[in-house]
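Reading through the structure tokens given below for one structure.
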Amino acid sequence: MTTAPTEPTERAASQQLLVQLLDPINRADPYPLYAQLRNRGPVVFPKANLAVFSAYRDCDEILRHPSSSSDRLNSTIAQRQISEGAELRPLGPPGFLFLDPPDHTRLRRLVSKAFVPKVVNALQPDIRALVDGLLDRIAENGRFDLIRDFAYPLPVAVICRLLGVPLEDEPKFSSASALLAQSLDPFVASDGESDDMIDERMGAARWLRDYFLDLIERRRSRPGDDLMSGLVAVEESGDQLGTDEIVATCNLLLIAGHETTVNLIANAVLAMLRHPAQWTALGADADRAPAVVEETLRYDPPVQLAGRIAAEHMTIGDVVVPKGDNMMLLLAAAQRDPAEFDRPDVFDPDRKALRHLGFGRGIHYCLGAPLARLEASVALSAVTARFPDARLDSEPQYKPNVTLRGLSALTIAV
Ligand code: HEM
């Protein structure tokens, strides 16, 4: 039974706001909608087995809660579909972002060595060389598209190198990655989406799976010093890891590496160009980069929301979430919560003791955080120093994605 303070009329108003949030017309500035949702408090939709949270305190608590599950199979909706004969994982297990302990712990441990700060920092010279190469090309033109010419190519090259995916194959899997990123959006399966889109996404998932299976076989006969070869060696040494799990892990890392850091770099550039004093300050002092990165992760986060399932009955504030219900955490709303942050709508890299949720929190805290921080810091300090007079030359264009929200194009004059 759901016990919650939401009255039907209140619920209808919140539902209306959520529908507006999904509307691409609001992608450029969803923050007024987030504020309205947050002011209304948590909202429950008993018939949809869903509770939506937008306060910092609630999101923080749910991310750290031992009864929060990331495995969709634990949801009442999935259980119902299974009992009706649906096959929920036709392509094998999901990445460990969508698993609970002990599988999550085992798989995360196997790849975490590749992301510790010492290993990541060793990539710095390569990242700097990639950034300088991209900026050299931009300098020849006088104007550039931030996404196409700068924010996209860098993280993609880095993640391909780390995983051991040939960079020349990138054009083939970039569209698959973009399609799969869209599938993280809420209600993709229930908002009347056409069968064509679902088929297209399944096709992309199947294609990427076959691509990885082929690459894994190649790494088996000719190992390199990359992460995929490392995982293949673990698989061959015992029963800790299966081939399907290697595919799912590579998939997760490739999509995380493709779709998030791009948006962090781009969101920071946009925020600074709208606050030109910040652009100039960073150009003059590269040591300001970490503060700009952290404030961007709060002010305009690449991951706007996260989902969890109540593995047991949970009480969050005065909301009781029944076992099996989905919880939607509007992280981007939580990060502008005035109960947690002073002047939350102001972009201010000089904030002290910033505890943002941009990389999540708890056991699923972003594994790639040290890498994302390094890439973004190098990229942002270099671009501001190289082009002190840069200015926006077009309105920002956004992709339709809600969860992994990000720019599709932004022209800058230098
Ligand atoms: C700015 C860039 C990035 C942002 C904002 C970001 C954000 C996040 C967030 C919010 C989560 C937690 C999701 C949840 O709890 O449901 C997460 C998890 C994760 N991220 Fe990132 N991420 C970024 C870059 C990366 C990169 C570059 C990689 C690796 C190549 C990566 C790999 C992962 C993995 C593997 C997880 C799952 C961790 C787990 O389940 O234990 N991320 N990320």
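Quantities reported herein were computed from a predicted structural model and do not represent experimental measurements. The first residue of the sequence shown is numbered 1, and numbering continues consecutively from there. As the structure lists them, so they are numbered: ligands from 1, and atoms in each ligand from 1.
- Residue contact annotation: His104 has a non-hydrogen atom under 4.0 Å from ligand 1.
- Using a 30° and 60° split on the angle between ring planes, Phe387 and Phe144 fall in the tilted class, from 30° to 60°.
- Of all the heavy atoms of Ile159, the ones lying under 4.0 Å from any atom of ligand 1 belong exclusively to the side chain.
- For the ligand labelled ligand 1, residue Leu297 lies inside the 4.0 Å heavy-atom shell.
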Quiz prompt | Steps toward salt bridge (charged side-chain N to carboxylate O under 4.0 Å, His left out) verdict (Arg222, Glu217) | solution = CA-CA 9 Å; Arg222 275 223 255 131; Glu217 283 319 306; over 6 Å; no
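- Across all non-hydrogen atoms, the minimal contact from Ser408 to Asp145 is O-OD2, 4.4 Å.
- At least one N/O-N/O distance between Arg108 and ligand 1 falls below 3.5 Å.
- Across Ala248 and Pro93, no two heavy atoms sit closer than the pair CB-O, 3.4 Å.
- For Arg298 and Phe341, the positive end sits near the middle of the six-membered ring, less than 6.0 Å away and at most 45° from its axis.
- Using modelled atom types, one finds a donor on one side chain and an acceptor on the other under 3.5 Å when comparing Ser229 with Asp226.
- If you number the atoms of ligand 1 from 1 as listed, the ones under 4.0 Å from a heavy atom of Leu253 come out as 30 (C), 35 (C).
- Ring geometry for Tyr299 against Tyr31 counts as parallel: the plane angle stays under 30°, on a 0 to 90° scale with 60° as the upper cut.
- In summary, the side chains of Asn49 and Asn326 do not present any donor paired with an acceptor at a separation below 3.5 Å, with no hydrogens or angles considered.
- Remark: the Glu170 side chain and the Tyr152 side chain contain an N/O donor-acceptor pair separated by less than 3.5 Å.
- Heavy-atom contacts of Gly358 reach the following atoms of ligand 1: 5 (C), 7 (C), 10 (C) (cutoff under 4.0 Å).
- The protein heavy-atom contact nearest to atom 29 (C) of ligand 1 is Phe115 CE2, 3.7 Å.
- Near Leu97, meaning under 4.0 Å from one of its heavy atoms, ligand 1 places the atoms 13 (C), 14 (C), 16 (O), 37 (C), 40 (O).
- Summary of contacts: the protein heavy atom closest to atom 26 (C) of ligand 1 is Gly368 CA, 3.7 Å.
- No more than 12 heavy atoms of other residues, nucleotides or ligands sit less than 6.0 Å from atom CG of Asp225.
- Under a 4.0 Å heavy-atom criterion, Thr249 is not in contact with ligand 1.
- Residue contacts with ligand 1 include Arg308, since one or more of its heavy atoms lies under 4.0 Å from the ligand.
- When hydrogens are left out, the protein atom nearest atom 36 (C) of ligand 1 is Leu367 N, 4.1 Å; that is the closest non-hydrogen contact.
- Of the listed options Ala268, Cys366, Ser68, Cys366 places a heavy atom closest to atom 22 (N) of ligand 1.
- No salt bridge links Asp132 with Arg128; every basic N to acidic carboxylate O contact stays at or beyond 4.0 Å.
- The backbone and the side chain of Phe96 each have at least one atom closer than 4.0 Å to an atom of ligand 1 (non-hydrogen atoms only).
- Here the protein heavy atom with the shortest distance to atom 11 (C) of ligand 1 is Phe359 O, 3.8 Å.
- The 12-atom threshold is not exceeded at CZ of Arg57, counting heavy atoms of other residues, nucleotides or ligands nearer than 6.0 Å.
- The shortest non-hydrogen separation linking His313 to Lys323 is ND1-N, 2.9 Å.
- At a heavy-atom cutoff of 4.0 Å, ligand 1 is contacted by both the backbone and the side chain of Thr261.
- Of the protein's non-hydrogen atoms, the one nearest atom 12 (C) of ligand 1 is His364 O, 3.5 Å.
- The distance from ligand 1 to the heavy atoms of Ile363 drops below 4.0 Å at these ligand atoms: 41 (O).
- Here the heavy atom of the protein found nearest to atom 24 (C) of ligand 1 is Thr260 OG1, 3.1 Å.
- For atom 31 (C) of ligand 1, the nearest non-hydrogen atom from the set Ala256, Ala376, Ser70 belongs to Ala256.
- Residue Phe98 places every heavy atom at 4.0 Å or more from ligand 1.
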